Amino acid sequence: MTPQELADHIRSAVMAAISTGQLTLSQADIPLEIVVERPKNLDHGDWATNIAMQLGKKAGLNPRAAAEILQPFLAQLPGVVEVDIAGPGFINLRLSAASQGELALDIIAKGNAFGRGNKLAGKKINVEFISANPTGPLHLGHTRWAAVGDAIARVLEAEGAQSSREFYVNDLGVQMDKFGASVKAAALGETIAEDGYHGAYIPELAEQVVLQNPEIVNLPEPERTDAFRDAAYALQLVDQKRVLDNFNTHFDVWYSEKSLHTSGAVERGFEKLKSQGHMFIEGGATWLRTSDFDDDKDRVLVKADGALTYFASDTAYYVDKRNRGFDLCIYLLGADHHGYVNRLRAVAACAGDDPDENIQILIGQMVKMLKNGEEVRLSKRAGNIITLEDLVDEVGVDAARYSLIRYPVESPLVLDLDLLVSSTNDNPVYYVQYAHARIASVIRNAAELGLIPANTSDWDPKTFDPAELSDAREGALLGLLADYPRVVASAAELREPHRIARYIEEVATSYHSFYASCRVLPQGDEPVTARNISRLWLCGATCQVIFNGLELLGVSAPERM
RNA sequence: GCCCGCGUAGCUCAGUGGAUAGAGCGUCUGCCUCCGGAGCAGAAGGUCGAAGGUUCGAUUCCUUUCGCGGGCACCA
């Protein structure tokens, strides 16, 4: 029985209590969603509900009295073997092994789809992240967003949304020009301007640009400067795509800022804002009255000299996303951009949208890094950077992604590189992957012994007897597995994929504990029993849940390691 | 000055108003003749920065305050 099914049963028990007149409540007093949770302490039972505490007040009873009224109704529910009232009014339920065990069947039948839901079905969501200037390699700061942004998109999809990963390319403006000038200077053997880019990658880029097009150095100015900029930019963008693909983060759209200006999107954006009545002209500049909507001050769209501001691009970009049919635009921004939150929300409001409905800005704290016990200072222009690629080379894609996703983004993250590099067994990703590989190995052995087919999809449900899974550790593991769909749903709703990571760590712990005390395969010449086979089903179900969880994080689930 | 985030075990950190606040690392004690020991069982370790408030109930929500980090533009 899934917790959802249990919740439905509890609802019917509440209604039965109402119909007998023991509870004076109306239908509307029953919460839409009845909370069924795993108790922190499993001695309390398999599942707990706070329904009596929610209903008590409405029924004019104290929570414990309400719980006592409900108790006999709950005790009659199918699969429920014990109902306890505890503390202020919690109702603890214990399920029969058979009822609890059926879940393993369900998980294996659903396979990769187990845990997926439809809470966000029909929603089209744009997830924009990284959006780094294409003026250098992606560094560690970007890496957190690469991992988390991609995982958010995966989790949203798991809950039925249609998501699009989008990278906004700032291919316009003075940073691009400085970047181009720096590459040109390096190619011509000149000194790079002080406010230019000084990373070691600049001379390498210069070499590649000249190699691709030796004639470039002979071009007249200003064409030569532009040519260097465009060629270097193109190479850099290709490199970013390569690195991100390698990192298992695949963008659906690379959106060029320049194209906003050439496609007429800026004009369309301005039209939209003007039609909503929030644009005005003052001091020769064109403004957006963002202060109508919680922004500290109004923002300039077109400067007095006629040039567009960066903010103009932002507004046009937002309107363009909405025009492309996205119901919700999610932005992942670094803490250094938190000042943009109110103005971006105001843009949505100025465009006639609901900022709480159509736009969501997630602010992530910075990643700090320790090396040799000291903080590594990141500075792209000084060339003192640790790139995404460096990190992957040192610790691998799985460990890098996992260690970045495992923490909520609003908490600052300190990665001790030495620890991550030297003693990888500290990293929880190995703990989880090990559990998966270990289960895969048990199933492999079972298949070789002829106990069961190698592929879970070929397993015969008739060979499974849920009543055989009566050990407390088996119950604990099953209950935890049953909770997975709820974890996915909350990760999607809260945009917090780290919950998946924390959850599968618990599953791994629970499995190891089960494995240590419940022998799965027969030893020596022992006959094969229904218990062996039923335990294999539990192994298969656990393996599936870990696999599904890791997949939502973009981390591999190895069969062997 | 104003705005945002953080403050939980020695360290790094989980914890969507609920029960005795959790995990990993580190420290200590046990467990490999047999399914993967990258594992398991247990011990020690806490004024949830502080003070008020709301609530049947606060680590969680509100106010004040202290400490740390980040941000303020007709820059990009």
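Predicted model only: the values in this text are computed from it and were never measured. Every chain is numbered from 1 and lettered A, B, ... according to where its sequence line falls, protein lines coming before strand lines.
In this entry the distance linking CG of A/Asp336 with P of B/G5 reads 15 Å, nearest Å. B/G5 atom C1' lies 18 Å from atom OH of A/Tyr407, rounded to whole Å. Straight-line distance from the CD atom of A/Gln365 to the P atom of B/C3: 17 Å, rounded to whole Å. Note: CD (A/Glu506) to P (B/A14) measures 15 Å, nearest angstrom. Here the P atom of nucleotide B/U20 and the CG atom of A/Leu42 are 16 Å apart, to the nearest Å. Here the P atom of nucleotide B/A19 and the CG atom of A/Asp84 are 17 Å apart, to the nearest Å. Between A/Tyr233 atom OH and B/A76 atom C1' there is a gap of 15 Å when expressed in whole angstrom units.
Listed nucleotides: B/C4, B/G15, B/C75. Nearest to the side chain of A/Tyr340: B/C75.
Taking 4.0 angstrom as the limit, A/Ser411 places a side-chain polar atom (N or O) nearer than this to OP1 or OP2 of B/A14. One finds no side-chain N or O of A/Lys297 lying less than 4.0 angstrom from the OP1 or OP2 phosphate oxygen of B/C3. Within the structure, a side-chain polar atom (N or O) of A/Arg343 is placed less than 4.0 Å from OP1 or OP2 of B/A73. Between A/Asn133 and B/A76 there is no side-chain polar atom (N or O) within less than 4.0 angstrom of OP1 or OP2. At least one side-chain nitrogen or oxygen of A/His498 sits closer than 4.0 Å to the OP1 or OP2 atom of B/G15. At the phosphate of B/A41, OP1 or OP2 sits under 4.0 Å from a side-chain N or O atom of A/Ser513. A/Arg299 has a side-chain polar atom (N or O) that falls below the 4.0 Å cut-off from OP1 or OP2 of B/A73. Look at A/Tyr431 and you'll find a side-chain N or O under 4.0 angstrom from OP1 or OP2 of B/C40. For A/Arg560 and B/G36, the shortest distance from a side-chain N or O to OP1 or OP2 is not below 4.0 Å. One finds no side-chain N or O of A/Lys178 lying less than 4.0 angstrom from the OP1 or OP2 phosphate oxygen of B/A76.
Checked by distance alone, A/His338 brings a side-chain donor or acceptor within 3.5 Å of a matching partner on the base of B/G70. With hydrogens and angles ignored, a donor-acceptor pair closer than 3.5 Å exists between the side chain of A/Asn92 and the base of B/A19.
Under a 3.5 Å cut-off, the side chain of A/Arg502 and the backbone N or O of A/Arg406 do form a donor-acceptor pair. Checking side-chain atoms of A/Thr542 against main-chain N and O of A/Leu538 turns up a donor-acceptor pair under 3.5 Å. Here the side chain of A/Trp254 pairs no donor or acceptor atom with the backbone of A/Val169 at under 3.5 angstrom. With A/Ser510 contributing its side chain and A/Glu506 its backbone, the two residues share no donor-acceptor pair below 3.5 Å.
Stacking of A/Tyr515 onto the six-membered ring of B/C35 is present: less than 5.5 angstrom between centres, less than 30° between planes. In this structure, A/His44 counts as stacked on the base of B/A19 under the 5.5 Å centre distance and 30° plane angle limits.
Comparing B/G10 with B/G45, their P atoms sit 11 Å apart, to the nearest whole Å. Comparing B/U8 with B/A58, their C1' atoms sit 14 Å apart, to the nearest whole Å.
Classified by its glycosidic torsion, B/C4 falls in the anti category, the angle being over 90° from 0.
Proximity of A/Glu37 to A/Trp47: side-chain heavy atoms (C-beta onward) are nowhere separated by under 4.5 Å.
Nearest-nucleotide positions on RNA chain B place A/Pro88 closer to the 5' end than the other of A/Pro88 and A/Gly339.
Taking a 6.0 Å sphere around CG of A/Asp230, one finds it holds more than 12 heavy atoms contributed by other residues, nucleotides or ligands.
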